[in-house]
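Shown next, in structure tokens, is the structure this report addresses.
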Amino acid sequence: MLKRVEIKSFKSLLDVNVELGVVNVFIGANGSGKSNLLEAIGILGAAASGRVDDEGLLRRGVRPGVPALYKASFRHERVRSAIRFGAFSERASYEVELINPTDKPLPAWHFKNEKFVSERRKIVGRSPASMGYPSLDPAQGLAALEAVKLAPTLPGSLLLSALREFAIFAPNTAALRGLVSDPQMRLPVGLSGGRLAEGVEELRRLATRDDAIQEVIDDLHDLLDWVSTFGARTSGEVPLSPTIPRQQRVLYFQDRYMADGRNELSAYDASEGALYVLFAAVATTHPDAPPILAIDNVDAGLNPRLVRALMERMCRWMLDQGRRQLLLTCHNPLVLDGLPLQDERVRLFAVDRSAKGRTLVKRIEVDASLLEKAKEGWPLSRLWIAGHLGGVPDV
């Protein structure tokens with residue numbers, strides 16, 4: 001698990017350090033830098049795989065950009081030639097500086113400095129002053145090559161592996177419904193929501209022999225109160241208009257209030273909120289989900305009370321399974337009321353821009369003043385909207 005991430009000179013993140021928990025929620029105004037933080041970890045993941053180029057970034061849900069837009073360039077401040085990233089676990093760390101000229105961009109970013117440590121032993125130390133540096137391929141990460149020699153259970157191996165598999169999910173309704181192909185397909189579900197039917201089907205199959213997964217399925221029935229049952233079938237078994245693109249497997253829902261024989265809906269006809277809820281369950285509880293994952297705008301398409309209830313369940317799923325780490329961005333204040341912040345493993349961060357435009361990330365901790373406000377009837381959602389937590393636009 002990532003304990004800390006360090007980002008310097010990337011977009012609006014001039015110098016940011018964040019101490020992470022198991023579930024991490026970032027709130028803030030549009031353009032405050034929440035997505036930049038997620039993308040910084042995505043770039044770290046590409047670097048840990050040995051190459052930082054558009055293909056590697058897209059696989060992790062990072063928006064490819066030209067060097068001039070990646071490098072922090074605030075007014076009256078010198079633009080650094082390199083962008084610095086660092087990931088730190090309990091017993092390992094990976095730090096890298098990447099460089100790409102703004103005037104003549106290269107297909108892949110070059111590794112300027114790289115440091116990889118496992119259990120206090122330096123596995124890789126690479127810098128322009130290193131012996132043999134000129135003979136190294138600057139577009140190839142050295143840590144990725146050296147990691148092949150390490151046992152997969154070592155802390156350093158586990159850290160690099162988790163970074164490599166990191167992904168930023170940003171589902172959209174068309175992909176969730178199966179109307180368009182997902183350009184960033186992953187297991188168990190694509191970054192835009194493709195393959196949702198197969199993921200749900202696999203989750204239901206796993207529930208027959210895994211009590212924890214069965215509890216997730218039970219939670220889904222509670223969250224989707226209008227649904228008597230749901231699952232996936234072949235496209236020929238689900239009522240679909242002939243004009244709709246057909247996937248191999250299609251989600252179906254049975255409406256508990258409608259007459260038998262006329263109560264079955266496909267993913268195309270069902271509420272988009274139901275699709276987003278199923279997506280969240282598959283992305284966070286399926287055994288094939290990445291060990292570290294992010295969902296950008298987790299509250300998209302959801303009713304405020306539903307998103308609060310979903311957040312309660314997601315925190316429980318993550319904390320009970322203890323296998324992976326989750327980062328979320330959101331704009332709906334009701335998300336906050338679903339967070340068990342008394343648990344140190346669940347962390348809330350307010351993201352703001354300073355007077356000079358720099359992204360600032362501040363952890364919101366439950367202290368005596370917040371508890372006193374809660375007694376007076378001020379939930380976190382109300383405190384956020386009132387501006388007491390930060391992370392709100394100045395409009």
Side-chain angles (χ1 to χ4, degrees), residues 1-11 13-20 36-57 59-60 62 67 70-72 78-102 104-166 290-292 325:
M1 188 177 83
L2 284 181
K3 294 299 237 180
R4 182 169 66 90
V5 291
E6 176 186 287
I7 306 124
K8 292 185 178 181
S9 296
F10 174 64
K11 295 189 175 182
L13 308 173
L14 187 63
D15 190 354
V16 170
N17 269 278
V18 183
E19 303 273 351
L20 297 170
N36 292 348
L37 180 63
L38 304 184
E39 291 189 333
I41 302 175
I43 295 172
L44 259 170
S49 294
R51 187 173 177 85
V52 182
D53 57 13
D54 286 358
E55 182 181 0
L57 298 179
R59 184 181 184 275
R60 292 164 178 83
V62 179
Y70 268 12
K71 297 176 180 178
R78 182 178 64 87
V79 178
R80 290 190 57 186
S81 61
I83 305 173
R84 181 178 179 81
F85 305 94
F88 304 83
S89 68
E90 193 73 52
R91 297 161 62 194
S93 62
Y94 177 61
E95 300 170 78
V96 64
E97 276 193 324
L98 300 170
I99 189 167
N100 201 339
T102 57
K104 293 182 180 179
L106 302 167
W109 285 71
H110 284 187
F111 289 74
K112 180 182 178 183
N113 291 289
E114 201 175 4
K115 184 180 179 183
F116 175 37
V117 175
S118 181
E119 295 183 298
R120 299 185 180 181
R121 181 168 72 93
K122 186 162 70 172
I123 310 298
V124 167
R126 170 184 187 167
S127 74
S130 304
M131 200 179 226
Y133 183 85
S135 64
L136 296 175
D137 179 355
Q140 177 67 57
L142 191 57
L145 297 175
E146 291 296 320
V148 176
K149 306 173 187 177
L150 301 179
T153 55
L154 285 178
S157 299
L158 294 173
L159 174 61
L160 282 194
S161 177
L163 288 172
R164 289 191 201 107
E165 292 304 311
F166 174 78
I292 307 171
Q325 189 172 21

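For the single chain, residues carry numbers from 1 onward in sequence order. Every heavy atom of this structure was used, including side-chain atoms; hydrogens, water molecules and symmetry mates were not. Computed from a prediction, not measured in an experiment: that's the story for all the values here.
Taking every heavy atom of both residues into account, Leu163 and Ala87 meet most closely at CD1-CB, 3.9 Å. Across all their heavy atoms, Gly125 and Ser130 have their closest contact at O-OG, 3.6 Å. The two residues Arg164 and Ser49 come nearest to each other via the heavy atoms CG-OG, 3.2 Å. Between Lys112 and Ile99, the closest heavy-atom pair is CB-CG2, 4.2 Å. Counting all heavy atoms, side chain and backbone alike, Leu160 lies closest to Ala147 at CD1-CB, 3.6 Å. In terms of heavy atoms, Arg126 sits closest to Pro138 at NH2-CA, 3.6 Å.
Shown are Ser89, Pro155, Ser93, Ser157; of these, the side-chain contact (heavy atoms from CB on, under 4.5 Å) with Ser118 is made only by Pro155. Checking each of Ile7, Val18, Ile83 against Leu13 for a side-chain contact (heavy atoms from CB on, under 4.5 Å) leaves exactly one that passes, namely Ile7.
Put simply, the side chain of Asn100 never gets that close to the backbone of Pro105: no donor and acceptor are under 3.5 Å apart. A side-chain donor-acceptor contact under 3.5 Å links Gln140 to the backbone of Gly50. Judged by distance alone, with hydrogens and angles left aside, the side-chain atoms of Arg59 form no donor-acceptor pair with the main-chain N or O of Glu55 at under 3.5 Å.
With a 6.0 Å radius and a threshold of 12 heavy atoms from other residues, nucleotides or ligands, Glu119 has its CD atom above the threshold. Atom CZ of Arg91 is surrounded by 12 or fewer heavy atoms from other residues, nucleotides or ligands within 6.0 Å. Atom CD of Glu90 has 12 or fewer neighbouring heavy atoms from other residues, nucleotides or ligands inside a 6.0 Å radius.
In this pair, Phe116 and Tyr94 present their aromatic rings perpendicular. The plane angle is above 60°, beyond the 30 to 60° band.
Considering only heavy atoms from C-beta on, Lys11 comes within 4.5 Å of Tyr70 through its side chain. Looking at Pro107 and Asp54, their side chains never come closer than 4.5 Å, going by heavy atoms from C-beta outward. By the 4.5 Å heavy-atom criterion applied to side chains, Leu142 and Phe111 are not counted as neighbours. Residues Ile43 and Leu57 are in side-chain contact: their nearest non-hydrogen atoms beyond the backbone lie under 4.5 Å apart.
Distance NZ/Lys3 to CZ/Phe88: 14.0 Å, rounded to 0.5 Å. One finds the CG atom of Asn17 at 7.5 Å from the NZ atom of Lys8 (value rounded to the nearest 0.5 Å). Here the straight-line distance linking atom CG of Leu98 with atom CG of Asn113 works out to 10.0 Å at 0.5 Å rounding. Here the CD1 atom belonging to Ile41 is positioned 11.5 Å from the CG atom belonging to Asn36, to the nearest 0.5 angstrom. We find the CD-CZ distance between Glu95 and Arg84 to be 5.0 Å, quoted to the nearest 0.5 Å. Glu97 contributes atom CD, which lies 11.0 Å from atom CD of Glu114 (distance to the nearest 0.5 angstrom).
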